[in-house]
Amino acid sequence: MINFEKFELENGLKVIVHHDRSTQIVAVNLLYDVGARDENPDSTGFAHLFEHLMFGGSVHIPKYDTPLERAGGENNAFTNNDITNYYLTIPKQNLELAFWLESDRMLDLAFSEKSLEVQRNVVIEEFKQSYLNQPYGDVWLLLRPMAYKTHPYQWATIGKDISHIEKATMEDVRNFYQRFYNPNNAILTIAGDVETDQIKKLAEKWFGSIPSGNGYSRNIPKEPRQIEARQLSVQRNVPFDALYKAYHMCSRDDKQYHTTDLVSDILSNGDSSRLFNRLVKEKNMFSDIHAYITGDRDEGLFIFSGKLVKGVTMEEAEKAVQEEIQQITTKPVEIDELEKVKNKIESTLEFSEISVLNKAMNLSYSELLGDADLINQEKSLYTAVTREGIMETAKEIFREDNCSTLYYYAN
């Protein structure tokens, strides 16, 4: 059980406080409710670009990292299709410094042509290295637009096309910042040996005077139900053929989410999982194969990805995967097998509660989903999953007309 208190400033900033007396390190997590799904289809990659720009200095703090490192702190950030998340850890006695740093770049980021050019080049280089020049790097650039025809999940966080970042103007960047980087679009979580009254005073002092910003009305088009199988074949300079199958699944807040997550664990969590046992160890058809979910806020994807052993044809490999899919959709999972994956999930959840940073992140995200207390309901939701639920959910997801398949051939 993770205990917490929460309050909201007049400008709309939500603040969550978790007391952990076991450590003198305090975690500060600032989640902004903006991701790649909020971008214009003709100007993608901005959420990720901004993750970089936010470290380029604010009006009163030319270099974000310098004062933090001097105070014994560490920081980082990540962006995905749904959120942009900034986090840091700092010794308890220097906590106010974190409030100063985060509030200053929320209030007034130091925009300059030089900073934009530097970060633009960093992102362009990342695009080339991670997506264009790395073996199998373009998989998501191919798979997303095949699976999504309407929803903005059709492009990756890095962006749809490298030219969108190349052409980004200072005006574009300012508009994006003013639209999303506001108190009423953020959740601040503090976890550590702190008092709620102390955090209230610090939050008011450093964030209270920041204007709330205009309210953002999100109007994201819903992806229509897929009613026909889609396929794409490509050839690339890679060592092995690879197979990717993407099925539409429910959203993160759907009642079927936890069942769907356990379906992926039964198929592919560890060396005793079905796919590894049968397709890697027994049949030696794949050198590795995984089944996992994207876990997106809106309706996401259930992915199969595997690299074929040389000599195995794509047709043989896909047939073997289909046989495993048929098994889980037509035969109830064994009681012991279901209990095993539930126990693994429980231990993972327990382990995640050791780190103050993990707790701060998870509280922020749970609040974004609707209520920070969802963090305390996860275990019971997984425990409640039934054998019948596993089979019915698998049957609903693994329809042939719900699948987009990428055949990735080695030259």
Thinking salt bridges, do Glu323 and Arg278 make one under a 4.0 Å N-O criterion? no
Parallel, tilted or perpendicular: which fits the ring planes of Phe176 and Tyr181, with parallel below 30° and perpendicular above 60°? tilted
Indicate whether any N or O donor in one side chain lies under 3.5 Å from an N or O acceptor in the other, for Thr196 and His19. yes
Geometric class of the Phe207/Phe99 ring pair [parallel <30°, tilted 30-60°, perpendicular >60°]: perpendicular
For the pair Glu337 and Arg274, find out whether any cationic side-chain nitrogen is under 4.0 Å from an anionic carboxylate oxygen. yes
Point-to-point distance, once rounded to the nearest 0.5 Å, from CD1 of Ile397 to OG1 of Thr260: 4.0 Å
Kindly state whether the ring of Phe50 and the ring of Phe46 have centres lying under 6.0 angstrom apart. no
Does atom CD of Gln134 have more than 12 heavy-atom neighbours from other groups under 6.0 Å away? yes
Pair Asn75, Asp65: side-chain N/O donor-acceptor within cut-off below 3.5 Å: yes
Is the centre of the Tyr244 ring less than 6.0 Å from the centre of the Tyr407 ring? no
Is the distance from the ring center of Phe302 to that of His248 below 6.0 Å? no
For residues Glu299 and His151, is any side-chain donor paired with an opposing acceptor at under 3.5 Å? no
Pair Lys307, Ser287: side-chain N/O donor-acceptor within cut-off below 3.5 Å: no
For the residue pair Asp296 and Asn81, confirm or rule out a side-chain donor-acceptor distance under 3.5 Å. no
Any donor-acceptor N or O pair under 3.5 Å, side chains Tyr408, Asp138: yes
Does either side chain, that of Ser212 or that of Asn11, offer a donor lying less than 3.5 Å from an acceptor on the other one? no
Have a look at Arg297 and tell me which of Asp82, Asp253, Asp33 forms a salt bridge (Lys or Arg N to Asp or Glu O under 4.0 Å) with it. Asp33
Can the ring centres of Phe304 and Phe398 be said to be less than 6.0 Å apart? yes
Do Asp254 and Ser251 have side-chain N/O donor and acceptor atoms under 3.5 Å apart? no
Salt bridge or not for Asp261 and Arg252, using N-O below 4.0 Å? no
Using a distance-only test with no angle check, is there a side-chain donor-acceptor pair under 3.5 angstrom linking Asn80 and Arg37? no
Can you confirm whether the side chains of Trp206 and Glu102 place a donor and an acceptor under 3.5 Å from each other? no
Lys/Arg-Asp/Glu bridge criterion (N-O < 4.0 Å) met for Glu316, Lys319: no
Any luck finding a side-chain donor-acceptor pair between Asn185 and Asn182 under 3.5 Å? no
Check: Thr79/Glu51 side-chain N/O donor and acceptor closer than 3.5 Å: yes
Going by atom types only, do Asn29 and Ser364 share a side-chain donor-acceptor pair under 3.5 Å? yes
Distance from Leu374 atom CG to Leu381 atom CG, nearest 0.5 Å? 8.0 Å
Looking at the rings of Tyr382 and His258, which for Trp means the six-membered one, are their centres under 6.0 Å apart? yes
NZ/NE/NH1/NH2 to OD/OE distance under 4.0 Å, Glu117 and Arg120: yes
Cut-off 3.5 Å, side chains only: do Ser305 and His290 have a donor facing an acceptor? no
With no hydrogens and no angle check, do the side chains of Lys359 and Thr189 hold a donor and an acceptor under 3.5 Å apart? no
